[in-house]
Amino acid sequence: MPELPEVEILARHLAPLLLGKTIRAVEVRRAKVLRPTSVKQLEKKLVGAKFIQLRRRGKYLLFDLKKKGEGQFTCLGHLGMTGRMFLQPHGAGLPKHAALILDLGKLRFVYEDTRYFGRFTLDTTSVESLGPEPSSADFTVAGFALALKRSAQPVKVKLLDQSLVAGVGNIYASEALFRAKISPRRAARSLKREEVQRLHEQIRVVLQEAIDSGSTIPLDFAGEKTKDRLFYFGRAANAPDYYEERLLVYDRSGKPCPTCRTPIKRLVQAARSTFYCARCQR
DNA sequence: CACCATGTTCCTTG
DNA sequence: CCAAGGAACATGGT
């Protein structure tokens, strides 16, 4: 489930379910996801604590908790590539790769992650190095331009740098560049002011549209029936029963560019796939 | 068997 | 200190 929009949708889904609930017990099935926190440290801190707020920063979830008579503290969650978080009744089947289970009384919170790349930890230092939130006023064209100027890397690769702007991942990097009509191969520092401006705007637009789209779809957070690929489809305006593909270039190599019909190309940069239209993107 | 996958972090080199 | 490149992490789908 993981770029900024997916995490935002998850945060909105979980917040009302978690707030006010108290953790009765903690079960850690894969201690690796707590790193560098130990099982003991997590248990000691979480058992008896109540959720008081849930925030998102970049692709991270920040769970604010508090125990009676003690100070507030924060737990950090990240979904890695394959993580999910959801609530379920006790007795419901646990997924094969359940990494952490929090007993909330009537319900339990499950963090499962097939590849265990994600985290659920007391160490919140990762958020310190994040760049501005793309939707906030802190994400300025001037600041973005300045950061791009310092890099000789291809702009697509640079967009994945979370210190530049927080939350853009491999899918939306390709999508934003397509919409801004900029080639993913361009050196970050070579972009003209107008191009930086277009890219800045399209990053904001593509992420916001994804959040809006995700909000209207009945998502299956537990992932038992459907796959979360569903998230990448938008509800078609006039046909309520099927989902129209929403991504314009990602994972569409060989398919026609939505603008000019030229086949979409796939390129490997920094060991990640990039998709683009060689005709529309210069 | 081969290659691919929504991400971050660590290590090395310059 | 910074930028950049590459491997590592781990499991599953095609």
Side-chain angles (χ1 to χ4, degrees), chain A residues 1-11 29-37 56-61 76-85 95-99 111-121 123-131 134 146-177 185 187-190 203 206-207 209-211 213-214 217 219-221 223 226-233 245-254 266-275:
Chain A
M1 258 229 128
E3 297 182 34
L4 182 152
E6 295 86 328
V7 181
E8 174 65 24
I9 297 298
L10 177 62
R29 298 204 166 189
R30 186 63 79 114
K32 187 209 165 200
V33 305
L34 309 186
R35 66 191 181 281
T37 302
R56 178 195 57 73
R57 180 78 172 89
K59 302 172 195 172
Y60 293 90
L61 285 168
L76 172 146
H78 195 288
L79 298 169
M81 297 259 249
T82 53
R84 299 167 191 279
M85 292 179 188
K96 182 175 178 185
H97 301 290
Y111 163 41
E112 77 89 22
D113 187 351
T114 306
R115 294 169 73 179
Y116 304 109
F117 284 0
R119 291 207 297 162
F120 194 94
T121 176
D123 169 34
T124 60
T125 55
S126 296
V127 299
E128 290 167 15
S129 47
L130 291 178
L146 209 60
L148 290 171
K149 275 289 176 234
R150 277 187 261 123
S151 174
Q153 280 187 306
V155 60
K156 152 64 170 33
V157 176
K158 203 59 197 165
L159 283 182
L160 300 181
D161 178 348
Q162 302 298 296
S163 71
L164 194 71
V165 53
V168 178
N170 204 41
I171 292 176
Y172 295 113
S174 282
E175 294 295 310
L177 284 165
R185 325 172 80 118
R189 63 165 56 129
S190 77
I203 286 169
V206 81
L207 296 177
E209 281 184 8
I211 292 170
S213 168
I217 296 175
L219 292 174
D220 174 20
F221 290 93
T226 58
K227 291 279 199 274
D228 51 36
R229 276 300 274 184
L230 196 53
F231 190 86
Y232 297 112
F233 292 69
E245 273 213 68
R246 193 162 56 69
L247 300 180
L248 303 179
V249 292
Y250 184 81
D251 201 19
R252 296 182 58 80
S253 45
R266 172 178 179 268
L267 164 73
V268 175
Q269 298 178 291
R272 316 285 311 268
S273 289
T274 302
F275 299 88

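Chain identifiers are assigned alphabetically (A, B, ...) following the order of the sequence lines, protein sequences preceding nucleic acid strands; residue numbering begins at 1 within each chain.
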*asked:* Would you measure the distance from the C1' atom in dT6(B) across to the matching atom in dG5(C) and give it in whole Å?
replied: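 Looking at atom C1' only, dT6(B) and dG5(C) are 22 Å apart.
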Quickly work out the [X] [atom1] to [N] [atom2] distance and round it to whole Å.
X	N	atom1	atom2	value
Lys158(A)	dA3(C)	NZ	P	6 Å
Leu4(A)	dT8(B)	CG	P	11 Å
Met81(A)	dT8(B)	CE	P	10 Å
Leu159(A)	dA4(C)	CG	C1'	16 Å

Phosphate-side-chain proximity, [X] and [N], N/O vs OP1/OP2 below 4.0 Å:
X	N	result
Arg272(A)	dG7(B)	yes
Lys59(A)	dT6(B)	no
Gln162(A)	dT9(B)	no
Thr82(A)	dG7(B)	no

*Kindly write out the residues that satisfy side-chain hydrogen bond (donor to acceptor under 3.5 Å, both in side chains) with Ser151(A), not counting sequence neighbours, or none if the list is empty.*
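By the side-chain hydrogen bond (donor to acceptor under 3.5 Å, both in side chains) rule, Ser151(A) matches no residue at all.
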*Heavy atoms under 4.0 Å, any strand shown: does Arg35(A) hit a base, just sugar-phosphate, or nothing?*
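The answer is nothing, as Arg35(A) stays clear of every strand by at least 4.0 Å.
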*At under 4.0 Å between heavy atoms, what does Ala271(A) touch on the DNA or RNA strands: base, sugar-phosphate, or nothing?*
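The residue Ala271(A) makes no contact with any strand.
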*If you check the Ser273(A) side chain, which of dT6(B), dA5(B), dA3(C) turns out closest?*
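Side chain of Ser273(A) sits closest to dA5(B).
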Report all interatomic pairs (protein N or O, nucleotide N or O of nucleotides 8-12 of chain C) with separations under 3.5 Å.
| from | atom 1 | to | atom 2 | distance (Å) |
| --- | --- | --- | --- | --- |
| dA10(C) | O4' | Arg115(A) | O | 3.2 |
| dA10(C) | N1 | Arg115(A) | NE | 3.3 |
| dA10(C) | N1 | Arg115(A) | NH2 | 2.5 |
| dA10(C) | N3 | Arg115(A) | NE | 3.1 |
| dT11(C) | OP1 | Arg30(A) | NH2 | 2.9 |
| dT11(C) | O3' | His97(A) | NE2 | 3.0 |
| dG12(C) | OP1 | Lys96(A) | NZ | 2.9 |
| dG12(C) | OP1 | His97(A) | NE2 | 2.6 |

*Among Ser174(A), Ser273(A), Ser253(A), side-chain hydrogen bond (donor to acceptor under 3.5 Å, both in side chains) partner for Arg266(A)*: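 The option that passes is Ser273(A).
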*Measure the CD1-CZ distance between Ile9(A) and Arg56(A) for me, rounded to the nearest 0.5 Å.*
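Ile9(A) CD1 to Arg56(A) CZ: 10.0 Å, rounded to 0.5 Å.
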_Stem list for DNA chain C, please, built from Watson-Crick and G-U wobble pairs under 3.5 Å and keeping only runs of at least 3._
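Output for stems: B:2-5 with C:11-14, B:7-14 with C:2-9.
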